[in-house]
Protein chains: 2
Amino acid sequence: MKTQLKKGTLDMCVLAVLAQSDSYAYELVSTLSRTMEISEGTIYPLMRRLQNESWVSTYLVESASGPSRKYYALTEAGKRELELMRREWQEFVSEVGSVLSRLPAADKSGEQQA
Amino acid sequence: MKTQLKKGTLDMCVLAVLAQSDSYAYELVSTLSRTMEISEGTIYPLMRRLQNESWVSTYLVESASGPSRKYYALTEAGKRELELMRREWQEFVSEVGSVLSRLPAADKSGEQQA
DNA sequence: CTAGCTATCTTGCAATGCAAGATAGTTGGG
DNA sequence: CCCAACTATCTTGCATTGCAAGATAGCTAG
């Protein structure tokens, strides 16, 4: 349903989680799932993109409970990008909010502006 | 740049503008352009979608300064949808905010999880 | 008649989220 | 031993949507 809303924000969300601590794709999904919906089919292509942009680096860690985990770590460029995305996101939310705020529509008697 | 962020919000923005007063596509673009970026290639397919969903109805009005304008008016279903979208948007913004807010990375002392 | 503004619409492309499924290692039950 | 279930990776193909570019058309001014 809200699929479209997520477009462009998931990168930022993943970077934000990685800003706290390194993680691997499978764990990222379960971490983010505590707050928002995200599925595995989404995360792997996404992580590849982040890596292509050099916003994350990777290293393998063996696991005793399954296959090796590919950990992702935020790079310096990734930190800068995260801050940029945050700014853009807040700006965008504010823009949308300002469009929405003109919808009170409750009462048009005292309206100003076109 | 922020193209992806707009996905799914433009419908809502258009409905919000129409909640104030009827308008036509060309005018909607210029109205919304005061606040956010949107282009004509976006608006026409979008308006068709809104119409297919029966969230707007249309009527033609001749213009002395060019071709006839196709005005769009919010339907009752459209008003309900707008409120729904608003709720979902606010919920989503809050979710993203809560993921972002954990990025201070300040302190991991109280962490649990595997 | 050409240029430019209003106004409509279409085509084709890029980006991205996701369902579905393939592949593997590990563990526990029958 | 074998099978199910959980961890963990990744790929394929599809749907949605925003946008650049361009086509069409009415009107006005030079």
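None of the values given here were measured: they were computed from a predicted structure. In what follows, chains are A, B, ... by sequence order, proteins preceding strands, each numbered from 1.
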If I compare all heavy atoms of [X] with all of [Y], which pair ends up nearest, and what's the gap?
{"X": "A:Tyr59", "Y": "A:Asp22", "value": "OH-OD2, 2.5 Å"}
{"X": "A:Ala16", "Y": "B:Leu100", "value": "CB-CD2, 3.8 Å"}
{"X": "B:Pro45", "Y": "B:Thr42", "value": "CD-O, 3.5 Å"}

Grab the [atom1]-[atom2] distance between [X] and [N] for me, whole Å please.
{"X": "B:Met12", "N": "D:dG18", "atom1": "CE", "atom2": "P", "answer": "11 Å"}
{"X": "A:Leu50", "N": "C:dG17", "atom1": "CG", "atom2": "P", "answer": "10 Å"}
{"X": "A:Ile43", "N": "C:dT16", "atom1": "CD1", "atom2": "P", "answer": "14 Å"}
{"X": "A:Tyr59", "N": "D:dA8", "atom1": "OH", "atom2": "P", "answer": "14 Å"}
{"X": "A:Ile38", "N": "C:dC18", "atom1": "CD1", "atom2": "C1'", "answer": "10 Å"}

Taking only side-chain N and O atoms of B:Arg49, does any of them lie within less than 4.0 angstrom of OP1 or OP2 on D:dG18?
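Yes, B:Arg49 has a side-chain N/O under 4.0 Å of OP1/OP2 on D:dG18.
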
Pair B:Lys2, A:Glu95 - check salt bridge (charged side-chain N to carboxylate O under 4.0 Å, His left out), show working.
CA-CA 12 Å; B:Lys2 303 198 289 180; A:Glu95 285 171 6; 3.6 Å; yes

Neighbour count >12 (heavy atoms, 6.0 Å) for atom CD, A:Gln90:
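Atom CD in A:Gln90 is packed in, count exceeds 12.
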
Quick one, A:Ser68 with A:Val61, criterion side-chain contact (heavy atoms from CB on, under 4.5 Å). Give me CA distance, side-chain angles, the key distance, then yes/no.
CA-CA 6 Å; A:Ser68 292; A:Val61 174; over 6 Å; no

Let's see if you get this right: which residues in residues 2-10 of chain A place a heavy atom under 4.0 Å from DNA chain D?
A:Gln4, A:Lys7

Would you tell me whether A:Glu27 and A:Thr31 have side-chain atoms, one donor and one acceptor, within less than 3.5 Å of each other?
no

Are A:Arg48 and A:Glu53 ion-paired here, with the side-chain N under 4.0 Å from a carboxylate O?
no

Expected string for nucleotides 3-13 of chain C under the B/S/- scheme (protein heavy atoms, under 4.0 Å, primed atoms plus P, OP1, OP2 as sugar-phosphate) is ---BBBBB---

